[in-house]
Novice: 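My questions will all concern the structure given below.
Quick note on labels: first sequence line is chain A, next is B, and so on, each numbered from 1.
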Amino acid sequence: MRRFFASFLLSLLSFLCFSPYAAIANASSAADSISTSISDSRSDYHEQLILRPLPLSALLASFNFRSNTSLSAFEAHNFRFFPRSLGQILQHAGTRELHLRFSLGRWDAESWGARPWNGAREGGTGVEMWAWLEAETDEEADHKWLTLTNALSGLFCASLNFIDSTRTTRPVMSFQPEGNHIDANAANTHLLYGVLPHEVVCTENLTPFLKLLPCKGKAGIASLLDGHKLFDSSWQTMAIDIRPVCPEDGECVLQIEQSIDMVLDIDRSKRPRDNPIPRPPPAHDMKCNTSKPYHAHDTCFPTDSAANQDWSLSQIFGRPIKGTCPLTDPTVSPVCIQVPDSRIVFASEGAIEKKNPDQTSRCFDFPAENDFEVFLPAPETQDGSVVVDQHLVKPETPLLYAERSFTGHGQERGGVQTILRNPSPDQEVEFIYMESLPWFMRIYLHTISARVDGQPGKADSLIQEVYYRPAVDRARGTQLEVRMTVPPASTVFLTYDFEKSILRYTEYPPDANRGFDVAAAVITILNRDKSVGNSRFAAYNLRTTTLLCNLPTPDFSMPYNVIIFTSTAIALAFGGMFNILVRRFVAANEGPENGLKKGVNRLKAKLAAMFKKRGSTPAVMLDGEKKME
Amino acid sequence: MPRLLASALSLRRDPRLLKLPPYLSLLCIVVGVVWLFLLPLDDYSRRTYISENALLPGQVHTYFGGSDQNVFRAYKHETDELAGKGNIEVNDKLESIAKGLGLKVGRQNFTYSSAGNTHSGQNIYAILQAPRGDATEAIVLVAAWKNVKGEPNRSGVPLVLTLARYFKRWSLWSKDIIFLFTPDSIAGPQAWVDAYHDAHDSSRVASLPLKSGALQGAIALDYTRETRFQSVHIVYDGVNGQLPNLDLINSVNHVAGGQMGMGVAIQEMWKHSNSYHDRLQTMLRGMLKQGLGLASGPHSSFIPYHVDAVTLQPFGDGWQDEMAIGRVIEGTFRSLNNLLEHLHQSFFFYFLMQKERFVSIGTYLPSAMLVAANFTIMAIALWVKSGQPEVQKVITEKTETAEEAEKLALPNPHAAMERDLFLPLVLVAACQFAGVVPLYLFNHLSESALIPAFVLFTVLSAILPFLLSNLLHTSATSTTTQQYHLIRSFSLLLLGMFLSSLATLNFSLAFLVGVFSAPLTFVRPCPNSPILKWLSMAVLYILSPTTVVFVASVLPDLDEKVGCGLGEVLRQAAFAWDVTGTYTPVVVWCVWWPAWIVGVVSVLGRPGAGDGKVKNA
């Protein structure tokens with residue numbers, strides 16, 4: 001109770017603080033759709049978990065955490081829900097808006113349909129970040145970007161510091177700021193984009209992510225987040241978005257939105273943690289198709305019963321939700337499930353079920369102190385045949401399917417082919433295709449071409465605009481942005497060729513024979529529906545998978561063999577030969593006295609001369625000492 | 001020191017030096033062949049070892065078994081029902097099973113035409129996406145509906161389906177797994193691999209609708225038996241004698257032999273006592289297969305794309321069941337899954353003597369190089385010889401006038417003769433280019449015309465040297481000894497050059513062609529000794545390319561009682577050329593055959609008619 005009171009006081013304080021930004025913010029034009037979709041952008045913290053069963057026994061879990069701080073409080077270093085560690089980095093690096101993504105796995109659009117949040121909260125495999133920085137010149141922006149990546153690298157335990165100039169691009173068409181900036185396109189705002197496709201996202205990145213949350217993963221929906229489950233998922237992406245939001249009728253706030261989207265395989269997640277090995281089940285536990293004529297006690301045609309399994313939160317995540325986070329906005333239901341209303345969902349005692357009017361989702365409110373649990377029983381089936389539509393919310397068809405692969409073979413040159421399929425029967429899709437390629441893939445821009453599958457004549461009009469920034473060896477990667485369209489119900493092949501350059505032998509990584517990761521292509525589908533309240537720049541985002549490019553790799557053991565061999569040869573042959581050639585050989589007694597002996601003798605003579613003068617006894621003693629040596 | 005130099009210089013002018021090359025050539029050939037026969041000895045071969053530490057073969061528990069056997073039986077019933085049905089019908093069933101397992105399925109049509117026949121079919125493949133992976137790498141498990149001999153892969157196809165279901169349950173895969181089912185063992189996999197790397201001719205082979213990442217390895221299963229087996233046979237020969245990385249074979253060997261306790265055989269040596277004889281036999285069989293360069297299984301097509309692949313064939317009567325071979329595949333896939341880099345650590349050029357003994361390229365290459373070098377040595381010797389006035393002639397021409405005799409009796413050691421290059425160059429070049437004719441013929445004729453064409457070609461190629469020889473003899477300026485020297489020199493130079501470069505690509509082919517054409521070094525025009533002449537002719541005709549091809553086709557095969565017949569050999573060669581891109585016909589018709597023609601022409605030669613050139617010197 002005391003905690004509640006304290007938080008209330010704090011929020012009051014933050015309201016009282018007047019922001020100098022507010023006046024300017026009011027002047028800024030239409031609010032972003034993301035901000036308007038939120039009930040009240042100034043409510044300070046809320047979190048929500050949306051569960052959506054997907055076909056093929058998958059489950060999409062979207063965790064969303066959002067906290068706001070007024071810009072004035074932020075400027076005054078007055079952090080409440082906004083994580084101080086991150087806030088100070090942003091201030092130091094002059095960051096206006098930051099987007100950071102950690103992703104793993106791939107989204108199976110064929111079976112799972114459209115991506116969550118229309119793809120706005122995801123990145124390509126590995127780590128991806130882009131930010132709008134405030135800087136007077138490009139050099140200053142680069143410097144701030146370096147500061148930002150290095151600081152974030154430490155904060156998130158990721159190799160973000162490896163985003164150097166070769167991995168940084170400045171996209172021209174693909175990104176627009178999400179927040180409300182006073183002067184978004186001003187000369188002193190720089191957009192920088194960096195990507196690390198080879199970075200493997202794992203638990204060390206999750207821990208700092210959770211630490212940014214007000215409840216730190218101890219209470220509320222974040223208590224479900226466990227590295228073992230998160231990184232066993234088929235697809236997961238962790239996103240951090242920081243942007244200034246200026247509602248039309250209030251003070252500007254800085255909003256941090258953290259989200260984790262993951263697709264869990266229900267079969268795999270339900271396996272007990274102490275026995276994760278998928279041993280073959282005992283024969284009598286198998287679900288067989290008994291209608292087969294050969295069905296017998298030792299012959300079993302397995303049925304696809306795995307598609308409709310029952311599950312509960314604690315089965316899948318290993319534990320129930322430990323109450324709600326006390327800081328969260330109580331008007332937002334913490335857990336929602338997207339299943340048709342016809343399905344039965346059991347929730348733990350004390351929870352209140354609220355069915356949404358769209359008949360495909362329901363939300364649960366539950367007391368802060370109790371553990372919360374949801375159980376979704378398997379749908380009842382009639383004679384074994386289940387229609388997917390009846391027990392699952394039918395996945396929405398994405399606006400575009402994209403698949404990218406290499407063509408050709410060999411180590412000299414190759415090609416990239418992206419297959420873009422528009423499933424819509426009547427609507428054209430316009431999008432921006434962006435590639436940021438490493439410098440050692442030298443693309444031949446004249447070979448870039450787009451053709452519609454089966455219609456060779458229609459190639460000209462597809463590519464509308466190309467922005468190309470060629471690579472500079474060892475300094476800058478290739479940046480390619482193509483604005484193009486795909487006609488309705490057709491497939492377009494976008495292809496280009498490239499040449500592989502030969503690296504210096506110190507430039508190869510330790511696992512050179514693995515190949516080099518090529519970052520995912522970013523596809524931003526432009527929003528055509530510019531109606532009020534839907535002013536977003538992108539209607540849908542998607543990323544292709546990463547690629548593995550094989551470069552000519554030397555046999556690294558060879559240089560070492562050569563070095564060892566030549567060193568031995570020099571040591572043995574050259575050493576002896578050099579000695580013979582350079583040295584003059586004389587008998588031992590003929591040679592000059594060597595340094596030490598000479599010095600000793602000289603000293604002896606000096607001393608002898610000295611003592612002769614004085615005529616005292618110690619000379620004898622000294623002489624004796626020398627003899628002992 | 002000066003004395004040493006002086007003696008070396010005087011040695012250089014010693015006429016005996018010119019007599020040395022034939023003996024040197026002979027020595028090269030003998031050493032080269034003997035070298036090969038020493039390789040199976042313990043001192044020259046090495047024990048195999050796992051070079052790539054990441055593989056860790058046989059270090060994991062394999063869990064395939066138990067109730068999976070029930071599933072296997074069910075799938076076997078399903079596939080048995082499909083026996084004798086059409087390709088499309090089979091693929092429909094496979095697709096329904098694979099889709100039921102939650103895999104992504106793609107199909108690909110292909111049509112090849114070779115020797116007038118059309119080989120068409122449809123491949124089907126299912127991709128198990130690595131649960132946490134990102135489609136950068138993939139490994140392939142192939143089950144052809146029919147194996148190389150045309151026998152149905154009765155247990156292999158259901159076992160691969162069962163494994164697909166089993167693999168789906170694991171979350172540890174770091175690479176996608178592609179299950180590929182092809183209607184046959186050569187054309188289907190070839191079409192698929194070509195299309196995967198976009199190296200296909202899209203008018204004959206369809207593009208793949210689904211793709212994954214870079215292929216890191218492939219295992220093919222050829223399991224036609226329906227009873228229990230004893231051992232597993234690893235087939236590893238690729239197209240054109242390319243071999244998979246030795247680490248892959250070692251891994252399978254470790255898993256099958258070490259972990260599962262089943263026998264492992266290679267090169268159809270069903271019983272191997274590890275004696276010298278058996279090792280030599282294994283090696284020679286390997287060399288023969290490598291030399292022919294044909295595809296030996298579904299794995300062969302992968303190897304040219306630098307995807308290491310082997311085929312596993314269970315054989316022999318024993319107590320190992322389907323689950324055992326399933327576990328071998330599971331263990332091997334777990335090893336491949338561990339790979340951080342593409343297989344590159346171990347050898348790509350080797351001969352296996354036994355499952356655990358091999359020789360690497362450094363040890364065996366000198367053998368073929370020596371054989372190839374003998375031609376080069378002889379070619380250089382003939383070149384030098386052609387530039388020197390003939391001493392023998394000087395001695396026989398003593399009846400000439402005294403002053404002339406005086407002049408010639410003390411031939412200037414530095415005397416050089418002008419070489420007449422035109423005729424030799426034209427002849428050798430013409431013969432080389434003529435090789436295109438049989439190459440084109442045998443790869444473009446229809447199957448029924450192949451045998452008549454071969455007979456006709458054999459006759460023509462036997463007559464051609466006589467025609468050429470007569471042409472040389474009756475031409476306006478009669479061919480001199482020097483020209484014969486030059487003809488042989490150029491021909492041998494080319495042969496030596498081709499074979500030594502070929503030895504680095506396909507050692508066995510270079511060695512075999514080198515040994516068969518070894519007599520070409522020693523044959524020479526012998527107008528004075530008909531016995532020697534006809535003896536040389538006999539040897540050359542016995543070792544002619546056409547005779548060797550014919551004899552090879554009627555000789556009994558490794559385990560069959562009769563040879564496959566000339567028509568089959570020619571059909572297979574044309575198929576290999578058209579589908580898998582085997583280059584052995586190029587070597588036979590464009591390297592070996594021209595050299596042979598020139599060799600016979602030079603035996604038939606009647607030089608000495610024109611000796612005017614000597615005087616010009």
Novice: Measure up the B:F333 and B:F167 rings against each other and bin them: parallel (under 30°), tilted (30 to 60°), perpendicular (over 60°).
Specialist: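 The arrangement is parallel - the two ring planes meet at less than 30°.
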Novice: In this structure, which one of B:W192, B:F179, B:Y196 forms a ring pair (Phe, Tyr, Trp, His ring centres under 6.0 Å) with B:Y125?
Specialist: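 The ring pair (Phe, Tyr, Trp, His ring centres under 6.0 Å) with B:Y125 is passed solely by B:W192 among B:W192, B:F179, B:Y196.
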Novice: What residue, out of A:G126, A:S233, A:G515, has the most heavy-atom pairs lying under 4.5 Å from chain B?
Specialist: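 Heavy-atom pairs under 4.5 Å are most numerous for A:S233.
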Novice: Check each atom of A:P281 against the heavy atoms of chain B and say whether the ones under 4.5 Å are side chain, backbone, both or neither.
Specialist: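 It is both, since atoms from each part get that close.
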Novice: Would a distance-only check, ignoring hydrogens and angles, find a side-chain to backbone donor-acceptor pair under 3.5 Å from B:R132 to B:S171?
Specialist: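 Such a contact is found between B:R132 side chain and B:S171 backbone.
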Novice: Could you tell me the separation between the CG atom of A:L494 and the OG atom of A:S449, rounded to the nearest 0.5 Å?
Specialist: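 Here the interatomic distance stands at 7.0 Å.
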Novice: Of the backbone (N, CA, C, O) and the side chain (C-beta and beyond), which part of A:D555 lies under 4.5 Å from a heavy atom of chain B, both, or neither?
Specialist: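 Neither part; nothing is under 4.5 Å.
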Novice: Relative to chain B, which segment of A:T125 carries a heavy atom at a distance below 4.5 Å: side chain, backbone, both, or neither?
Specialist: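 The side chain, not the backbone.
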Novice: Under 4.5 Å from any heavy atom of chain B, what part of A:R279 do you find: side chain, backbone, both or neither?
Specialist: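 The answer is both parts of A:R279.
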Novice: Heavy-atom distances under 4.5 Å only: say whether A:H297 touches chain B with side chain, backbone, both or neither.
Specialist: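 Contact with chain B involves the backbone of A:H297 alone.
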Novice: Which atoms of A:Q236 are under 4.5 Å from chain B, going by heavy atoms: the side chain, the backbone, both sets, or neither?
Specialist: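 No part of it gets close to chain B.
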Novice: So what's closer than 4.5 Å to chain B heavy atoms on A:S405: side chain, backbone, both or neither?
Specialist: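 For A:S405, the contact with chain B is made by the side chain alone.
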Novice: Do A:T299 side-chain atoms and A:H295 backbone N/O form a donor-acceptor pair below 3.5 Å?
Specialist: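 Flag not set: sc A:T299 to bb A:H295 has no pair under 3.5 Å.
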Novice: Using heavy-atom distances under 4.5 Å, tell me whether A:S103 contacts chain B through its side chain, its backbone, both, or neither.
Specialist: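 Neither; nothing under 4.5 Å.
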Novice: Step through the shown structure and confirm whether more than 12 heavy atoms of other residues, nucleotides or ligands are within 6.0 Å of OH on A:Y505.
Specialist: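 No.
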Novice: Could you tell me which portion of A:P510 (side chain, backbone, both or neither) has an atom closer than 4.5 angstrom to a non-hydrogen atom of chain B?
Specialist: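 The backbone, not the side chain.
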Novice: Atom CG of A:N550 and atom NE2 of B:H342: how far apart are they, to the nearest 0.5 Å?
Specialist: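 It comes to 6.5 Å.
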